[in-house]
Amino acid sequence: MTQIEQYLGMSEAEARDMVLARIRTYVEHETPSYHATEITALAELIERDLRAVGADVERRDTPGLGRNLIVRFDATRTGAQPSRDDARRPLLALAHIDTVHALGTIAARPFRIEDGRAHGPGVYDMKAGVALLVEALHWHHRRQTSLPRPVTLLLTCDEEVGSHSVRPLIDELARNAEAVLVPEPCMPDGGVKTGRKGVATYRIDTTGVAAHAGIEPGTAVSAITELVRQSLRILALADHSKGTTINIGTIEGGTATNVVAASASAGVDVRLAVAEEGPRVHDALMSLRPLSEATVTVTLAESRPPLVRNEQVARVYEYARALAAELGQDLAEGATGGGSDGSLAAATGAAVLDGLGPRGGGAHAESEHIIIDDLPFRLALLCRLIETI
């Protein structure tokens with residue numbers, strides 16, 4: 001019998017299949033961002049799953065986006081002694097139920113298990129993590145575990161498109177939390193994420209004057225030429241020595257090859273390893289001035305701060321690593337260029353442990369999958385964290 005089996009009180013195969021059944025249910029409820037009806041339907045299902053263990057569930061509906069859930073699960077120890085100033089400071093878990101996959105993807109790529117992997121749209125990012133959270137509370141409920149502090153789950157409906165509906169809520173809950181757990185996908189080697197780059201996206205619009213390219217080119221002002229010249233300025237703002245990268249991911253404009261373009265636009269992705277780089281790049285982008293008679297407009301579309309491996313993050317990681325060792329596993333750590341709500345929580349000074357979800361790959365792609373034999377360990381670790389922090 002493995003340490004995981006001893007702790008969970010069941011075989012790893014039983015634990016795997018239990019979690020996998022819930023993952024399949026959640027994956028087969030499609031939830032593309034901005035599809036409020038579908039997202040709300042899954043939120044209602046998860047609400048029922050959590051009320052079944054005695055959790056209090058508060059609904060926060062957001063027009064056009066769906067439903068956020070604030071879940072409070074309280075099975076605290078009688079007479080618990082504060083680990084800090086207040087034993088009632090809750091443990092916070094963050095997860096999202098929206099995905100990047102278009103409605104109808106599940107029909108084209110149904111949930112399936114093949115070669116030890118579970119495939120399906122959103123299975124890796126991050127419905128497996130949501131299912132693990134729900135299963136962890138069900139496990140504690142069945143075992144009637146006495147917890148050291150209340151647990152709050154915030155399940156959000158728009159993380160993939162910026163988390164705009166919940167930013168103030170994340171800030172409020174994270175500031176009052178003892179620690180924040182985020183079951184987003186782990187590192188490729190199974191390690192948790194103790195560092196994330198900050199993300200900022202910008203839209204660059206240029207406006208010129210259209211004219212026939214062969215008959216009246218002298219009267220025209222090319223928006224595309226202006227955008228191309230500005231693009232060189234934008235890319236020069238990258239500083240790889242500080243982990244600052246810039247990508248012009250989309251570009252469009254013009255109507256025909258024989259027409260000087262009157263308008264053009266580009267989408268710019270900025271990744272920041274250190275928060276101090278944010279103002280430098282932002283100020284430079286917002287200060288772009290035309291290099292011709294065209295006009296240039298810059299709009300900030302989205303921003304997330306970096307998750308920096310500070311003292312608080314290192315402390316909760318080392319604690320989790322010790323718990324993982326008790327379960328017979330070595331828990332590594334690493335940093336990634338992707339963003340998550342963990343970064344928003346970390347910006348409040350909270351002790352954040354991100355990347356607690358199962359191993360897998362193909363996030364946002366047709367190859368999205370999880371490694372199913374990793375599920376028992378992830379469940380056991382999450383249960384231990386909830387039980388002991």
Any side-chain heavy atom of [X] sitting closer than 4.5 Å to one from [Y]?
X: Trp139; Y: Met10; value: yes
X: Glu178; Y: Ile389; value: yes
X: Val308; Y: Val274; value: no
X: Glu30; Y: His101; value: no
X: Arg89; Y: Asn176; value: no
X: Leu288; Y: Arg233; value: yes

Using only heavy-atom distances, determine whether the side chains of [X] and [Y] contain a donor-acceptor pair under 3.5 Å.
X: Asp205; Y: Ser263; value: no
X: Thr206; Y: Gln230; value: no
X: Thr31; Y: Lys127; value: yes
X: Thr348; Y: Asp171; value: no
X: Glu5; Y: Ser11; value: no

Has [X] got a side-chain atom pairing as donor or acceptor with [Y]'s backbone, closer than 3.5 angstrom?
X: Tyr317; Y: Leu331; result: yes
X: Glu38; Y: His29; result: no
X: Glu318; Y: Arg315; result: no

Is there a path of hydrophobic side-chain contacts, each under 4.5 Å between heavy atoms of I/L/V/M/F/W/Y residues, joining [Y] to [X]?
X: Val71; Y: Leu173; result: no
X: Leu291; Y: Leu235; result: no
X: Leu154; Y: Leu132; result: no

May I ask you to say whether Arg359 pairs ionically with Asp373, meaning some side-chain N is under 4.0 Å from a carboxylate O? no
Would Tyr34 and Ile39 count as a side-chain contact (heavy atoms from CB on, under 4.5 Å) here? Give the steps. CA-CA 8 Å; Tyr34 297 119; Ile39 288 173; over 6 Å; no
In short, Gly208 meets Ala294 closest at the heavy-atom pair CA-CB, 4.4 Å
Distance in Å, Arg203 CZ paired with Leu300 CG, rounded so as to fall on 0.5 Å steps: 13.5 Å
Quiz: residues 182-192 side-chain donor-acceptor pairs under 3.5 angstrom, not counting sequence neighbours:
unit_1, atom_1, unit_2, atom_2, d
Glu184, OE2, His96, NE2, 3.4
Asp189, OD1, Gly191, N, 2.9

